[in-house]
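One-based numbering along the sequence shown. Just so you know, ligand 1 is whichever comes first in the structure, and atom 1 is the first atom listed for that ligand.
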Amino acid sequence: MTDCLFCKIVSGDVPAKVVRESAGTVAFRDINPQAPTHVLVIPRAHHANVGDLAADAELLAEVVREAHQVAVDEGIADTGYRLVFNTGAQAGQTVFHVHGHVLGGRGLNWPPG
Ligand code: 5GP
Ligand code: ZN
């Protein structure tokens, strides 16, 4: 999609601090980090939200696998991390190209705000 910010990160038209890549995904640091580790994992193919992504079970699994590997690489897999897919406006989704937030490196409150 030409007008999608995260499609432009995939194509390299918008720069990002990429930390991991796989055949189907790209992981990059959030521009406005909410925790010491805050990385976004996205499929290269445009899917608006996690519901749409769930139609492709293999790609959904790849996104989750890569998110876990980011946590391992960042040294937070054992201490704990959160994987969040904000879905829809009321949940705070602002970019409508699905992305898993990998958050960790500090204590995370529950319930979330
Ligand atoms: P959402 O609110 O849709 O769940 O998450 C969107 C995330 O994308 C936000 O955490 C926001 O900081 C991040 N973001 C927005 N624009 C950019 C950008 O141009 N580059 C990067 N790296 N992150 C962005
Ligand atoms: Zn997109």
Side-chain angles (χ1 to χ4, degrees):
M1 273 179 66
T2 52
D3 61 345
C4 170
L5 174 63
F6 286 178
C7 281
K8 289 178 182 164
I9 286 180
V10 171
S11 66
D13 292 322
V14 169
K17 293 181 181 167
V18 172
V19 297
R20 279 190 72 80
E21 293 188 79
S22 68
T25 73
V26 180
F28 53 94
R29 298 202 185 279
D30 196 290
I31 205 167
N32 182 25
Q34 301 301 312
T37 291
H38 189 173
V39 171
L40 304 177
V41 183
I42 67 173
R44 294 180 187 275
H46 184 90
H47 296 273
N49 57 46
V50 76
D52 288 357
L53 179 61
D56 186 336
E58 267 183 41
L59 188 56
L60 174 65
E62 189 175 345
V63 168
V64 173
R65 208 161 45 238
E66 286 295 304
H68 178 67
Q69 198 54 51
V70 166
V72 170
D73 295 349
E74 296 278 315
I76 58 171
D78 292 336
T79 48
Y81 68 93
R82 196 166 287 167
L83 176 56
V84 176
F85 293 90
N86 293 328
T87 308
Q90 195 165 30
Q93 186 176 8
T94 58
V95 178
F96 289 84
H97 179 136
V98 64
H99 46 282
H101 295 254
V102 180
L103 293 153
R106 66 170 173 82
L108 298 169
N109 295 327
W110 194 262

Seminar exercise, completed: Here the atoms of ligand 1 under 4.0 Å from any heavy atom belonging to Asn32 are 12 (O)
Problem set entry | Spacing of Arg65 atom CZ and Leu60 atom CG [to the nearest 0.5 Å] | 10.0 Å
For this session: With rounding to the nearest 0.5 Å, note down the distance linking NE2 in His101 to CG in Leu83.
Result: 9.5 Å
Problem set entry | Asn86 neighbourhood, listing ligand 1 atoms whose heavy-atom distance to it stays under 4.0 Å | 4 (O)
Exercise. Are Asp73 and Val19 close enough that some pair of their side-chain heavy atoms sits under 4.5 Å apart?
Worked result: no
Problem set entry | Part of His99 with heavy atoms under 4.0 Å of ligand 1, whether side chain, backbone, both or neither | side chain
Exercise. What distance do Ile42 atom CD1 and Leu53 atom CG have between them, rounded to the nearest 0.5 Å?
Worked result: 11.5 Å
Exercise. Using a heavy-atom cut-off of under 4.0 Å, does the side chain or the backbone of Phe96 touch ligand 1, or both, or neither?
Worked result: neither
For this session: Return a yes/no value for Ile31: is any of its N or O atoms, backbone included, closer than 3.5 angstrom to an N or O of ligand 1?
Result: yes
Exercise. With under 30° as parallel and over 60° as perpendicular, where do the rings of His68 and Tyr81 fit, or are they tilted in between?
Worked result: tilted
Exercise. Rounded to the nearest 0.5 Å, what separation is found between the OG1 atom of Thr94 and the CG atom of Asn86?
Worked result: 8.0 Å
Exercise. Does Glu74 come within less than 4.0 Å of Arg29, counting only side-chain N to carboxylate O?
Worked result: yes
Exercise. What N/O/S atom of His46 gets nearest to the Zn ion (ligand 2)?
Worked result: ND1
For this session: List the steps, then state whether side-chain contact (heavy atoms from CB on, under 4.5 Å) holds for Arg82 with Trp110.
Result: CA-CA 11 Å; Arg82 196 166 287 167; Trp110 194 262; 3.6 Å; yes
Exercise. Taking non-hydrogen atoms only, is Leu5 closer than 4.0 angstrom to ligand 1 via side chain, backbone, both or neither?
Worked result: side chain
Problem set entry | Any donor-acceptor N/O pair, Arg106 side chain to Gln34 backbone, under 3.5 Å | yes
Problem set entry | N/O separation below 3.5 Å, Val14 to ligand 1 | no
Exercise. Do any N/O/S atoms of Cys7 come under 2.8 Å of the Zn ion (ligand 2)?
Worked result: yes
Exercise. What do you reckon, does Ala16 put a non-hydrogen atom under 4.0 Å from ligand 1?
Worked result: no
Exercise. Does any non-hydrogen side-chain atom of Val41 lie less than 4.5 Å from one of Val102?
Worked result: yes
Exercise. In Å and rounded to the nearest 0.5 Å, what is the CG to CG distance from Leu5 to Asp13?
Worked result: 11.0 Å
For this session: Determine which of the N, O or S atoms in His97 is closest to the Zn ion (ligand 2) and give its atom name.
Result: ND1
Exercise. Of the protein's non-hydrogen atoms, which lies at the shortest distance from atom 2 (O) of ligand 1, and what is that distance?
Worked result: Gly92 O, 2.7 Å
Exercise. Would one find an N or O of Phe6, backbone or side chain, under 3.5 Å from an N or O of ligand 1?
Worked result: no
Exercise. Within the structure, does Asp30 bring an N/O atom to less than 3.5 angstrom of an N/O atom in ligand 1?
Worked result: yes
Exercise. In the protein, which heavy atom is nearest to atom 3 (O) of ligand 1, and how far is it?
Worked result: Thr94 N, 2.7 Å
For this session: Provide, to 0.1 Å, the distance between atom 22 (N) of ligand 1 and the closest protein heavy atom, together with that atom's residue and name.
Result: Arg29 O, 2.9 Å
Exercise. Given that the side chain starts at C-beta and the backbone is N, CA, C, O, which of these parts of His101 lies under 4.0 Å from ligand 1, counting heavy atoms, or is it both or neither?
Worked result: side chain
